[in-house]
There are 2 protein chains.
Amino acid sequence: MSEEAKAKSQSIRAVDALRALIFAGELPPGSDHLESELAEKLGMSRTPVREATLVLESQGLLEVRPRKGVRISALSADDMREIYEVLTELESLAASLAADAGYSEQELSRLKTAIVEMEASVAANDREGWARADAAFHDELVRLGGNKRIQTIVSNFNDQVRRARALTLHMRPMPSKSNQDHRALYEAIAKGDSKAARQVHWMHRTEAKDMLINLLHQHGLRRV
Amino acid sequence: MSEEAKAKSQSIRAVDALRALIFAGELPPGSDHLESELAEKLGMSRTPVREATLVLESQGLLEVRPRKGVRISALSADDMREIYEVLTELESLAASLAADAGYSEQELSRLKTAIVEMEASVAANDREGWARADAAFHDELVRLGGNKRIQTIVSNFNDQVRRARALTLHMRPMPSKSNQDHRALYEAIAKGDSKAARQVHWMHRTEAKDMLINLLHQHGLRRV
DNA sequence: CAATTATTTAACGTATACATTAACAAATTC
DNA sequence: GAATTTGTTAATGTATACGTTAAATAATTG
């Protein structure tokens, strides 16, 4: 019943720690950091840090630039568009697959819970709560799709746009239309209507993408 | 005008060499290899080999299993289905984006060339030639889509199914229907009909997926 | 004799020393 | 004085030594 291995390797610790520092904004987008600095900051030698940077580079969170330090990725609006195009497509596929899988209401309970939480959060004007429930909804949707490759890619890309979402969370209107979309998607999946599920979610994500990109432009956020 | 840096690092050489060994079947799917063996085989120390295995693991070509050696990935029919689902979706998106981009016939010339080559190869009963041209067609399609993230993912996944494609190349009928699909896709892109481009390619890839998976089953290839 | 516990061993994970290389500065040449 | 060359330095890339850990084997106990 133990959760995880307690004794993680330094490399894994380095990956986790660097991710945390990046998400916390302590290693801001566009900033450069030497391996030796990071190693000292994390209290370990360069070796596990190097390994961690390779992993994080493959996930698009940073870029290893020999002799210039690792550079924390900064995304342009265009990068954001590219990522959202992929997210839109793959999540829509996941929605379609989930509908085809013929889940019972029981099996869709987490999806339902997330919807209820989003609605409660909107009513309470709680944006952070809404964002958490929204993330849970999308995670669960992709999980229900059952395709592990989609799960991996979507998870990576969500990490990459995490900052941009956090930045714009308070700039946008309360997402009430969004909640309607989620209910419609839920119904489509429950009914096993894969065409509708795909369509509804595709539109939902496309609107979210346009919203996000407009906000970035309006607020002059060239790279985040 | 020099092509590339001549002096590549050992890590990069290790990535290239291991990929080549995997594709050549010298490191067969499912086989295990110690870091030290690989290091000796490549004539370098463990360090760059370790770094290479991390990169290749992130690309899904192998799996690092502490104290059991790195295991070369072996894909089941189900893995193949997952990968093809993603390939289908993302290539179809690329087709749609390419159609929207409004390319001139000039800019579509490589696509056209690949089509002509595929037709000539079918006429000459040259499967290897057809496979090369088909790969060129798909690569160019994705390039025309213009989304770098799609290019990266599709390239990775193509690497992963490379063996399965090679294995089944001689089991399938000569792909003449396929050539019709390619022409139809070309027309849709040239006309700027993104809906049609997406649809035509989606169906094309879905049929290819079903064909491949059936062949794997029929020939009892449980993992490749 | 089965099951558990100790021992061994081999492979990995990490630190570290050092070689290599690219960026920068200085010096020299034209 | 500009441009090229040379030298310096700092950071990375690589090898290697060694500690750590998990798998396998042997030993022991009930």
Side-chain angles (χ1 to χ4, degrees), chain A residues 1-22 26-28 30-74, chain B residues 1-22 26-28 30-74:
Chain A
M1 282 290 122
S2 82
E3 285 297 282
E4 300 274 302
K6 2 76 228 287
K8 293 203 280 195
S9 73
Q10 295 285 63
S11 294
I12 293 175
R13 246 192 294 275
V15 170
D16 292 346
L18 289 177
R19 287 170 60 90
L21 289 173
I22 292 171
E26 196 159 335
L27 302 177
S31 62
D32 293 327
H33 308 274
L34 300 178
E35 288 178 1
S36 42
E37 287 176 26
L38 295 175
E40 189 180 21
K41 192 192 291 261
L42 302 187
M44 58 183 72
S45 82
R46 274 176 53 221
T47 305
V49 171
R50 256 181 90 79
E51 294 182 353
T53 61
L54 287 173
V55 170
L56 294 173
E57 180 173 46
S58 81
Q59 296 176 1
L61 285 180
L62 53 81
E63 198 184 341
V64 174
R65 308 165 68 234
R67 277 153 240 286
K68 300 189 179 171
V70 303
R71 172 162 295 179
I72 309 305
S73 297
Chain B
M1 281 296 121
S2 81
E3 285 297 284
E4 299 274 304
K6 0 104 215 284
K8 293 202 279 192
S9 73
Q10 295 284 64
S11 294
I12 293 174
R13 247 192 295 276
V15 170
D16 292 346
L18 290 177
R19 287 171 60 89
L21 290 173
I22 292 171
E26 197 157 337
L27 302 178
S31 63
D32 293 327
H33 308 274
L34 299 180
E35 288 178 1
S36 42
E37 285 176 26
L38 294 175
E40 190 180 20
K41 192 192 292 260
L42 301 186
M44 59 184 70
S45 81
R46 274 176 53 219
T47 306
V49 172
R50 256 181 89 80
E51 293 182 353
T53 59
L54 286 173
V55 170
L56 294 172
E57 180 173 45
S58 81
Q59 295 176 3
L61 285 180
L62 53 81
E63 199 184 341
V64 175
R65 308 167 66 236
R67 277 155 237 286
K68 300 191 178 170
V70 304
R71 171 162 294 178
I72 310 304
S73 297

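Worth saying up front: this structure is predicted, and the values here are computed from it rather than measured. Lettering follows sequence order; numbering is per chain, from 1. The analysis underlying the following values was restricted to heavy atoms, covering all of them including side chains, and did not include hydrogens, waters or symmetry mates.
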What pair of heavy atoms forms the shortest contact from B:Ala74 to B:Gly30, and how long is it? CB-N, 3.9 Å

Interatomic distance, B:Arg71 CZ vs C:dA11 C1' [rounded to whole Å]: 16 Å

Can you pull every protein N or O that's under 3.5 Å from an N or O on nucleotides 15-18 of chain C?
{"residue": "C:dA15", "atom": "OP2", "partner": "A:Ser45", "partner atom": "N", "Å": "2.8"}
{"residue": "C:dA15", "atom": "OP2", "partner": "A:Ser45", "partner atom": "OG", "Å": "2.5"}
{"residue": "C:dA15", "atom": "O5'", "partner": "A:Ser45", "partner atom": "OG", "Å": "3.3"}
{"residue": "C:dA15", "atom": "N7", "partner": "A:Thr47", "partner atom": "OG1", "Å": "2.8"}
{"residue": "C:dT16", "atom": "O4", "partner": "A:Thr47", "partner atom": "OG1", "Å": "3.3"}

For A:Glu51, all residues meeting salt bridge (charged side-chain N to carboxylate O under 4.0 Å, His left out), sequence neighbours excluded: B:Arg50

Partner residues of B:Ala20 under the side chain to side chain contact (heavy atoms under 4.5 Å, CB included) criterion, sequence neighbours left out: none

Residue pair B:Val70 / B:Thr53: nearest heavy atoms and the distance that separates them: CG1-CG2, 3.8 Å

Nearest whole Å is fine: how far is C:dC12 C1' from B:Glu37 CD? 14 Å

Shortest non-hydrogen contact from B:Lys8 toward B:Arg13: O-NH2, 2.9 Å

Rounded distance in Å - CG (A:Asp32) to P (C:dA22): 18 Å

Could you list the donor-acceptor pairs under 3.5 angstrom formed between side-chain atoms of residues 38-48 of chain A and any protein atom two or more places apart in sequence or on another chain?
{"residue": "A:Ser45", "atom": "OG", "partner": "A:Thr47", "partner atom": "N", "Å": "3.4"}
{"residue": "A:Arg46", "atom": "NE", "partner": "A:Glu35", "partner atom": "OE1", "Å": "3.0"}
{"residue": "A:Arg46", "atom": "NH2", "partner": "A:Glu35", "partner atom": "OE1", "Å": "3.2"}

Rounded to whole angstroms, how far apart are CZ on A:Arg13 and P on D:dT20? 13 Å

Taking salt bridge (charged side-chain N to carboxylate O under 4.0 Å, His left out) as the test, write out the residues that go with B:Arg67, two or more places apart. none

Protein-nucleotide distance (B:Lys8, atom NZ; D:dT12, atom C1'), rounded to Å: 18 Å

For DNA chain C, the residues among residues 50-69 of chain B that have a non-hydrogen atom under 4.0 Å from it: B:Arg50, B:Pro66, B:Arg67, B:Gly69

Protein-nucleotide distance (B:Leu34, atom CG; D:dA22, atom P), rounded to Å: 17 Å

Compare all side-chain heavy atoms of A:Leu62 with those of A:His33 and state whether any distance is below 4.5 angstrom. no

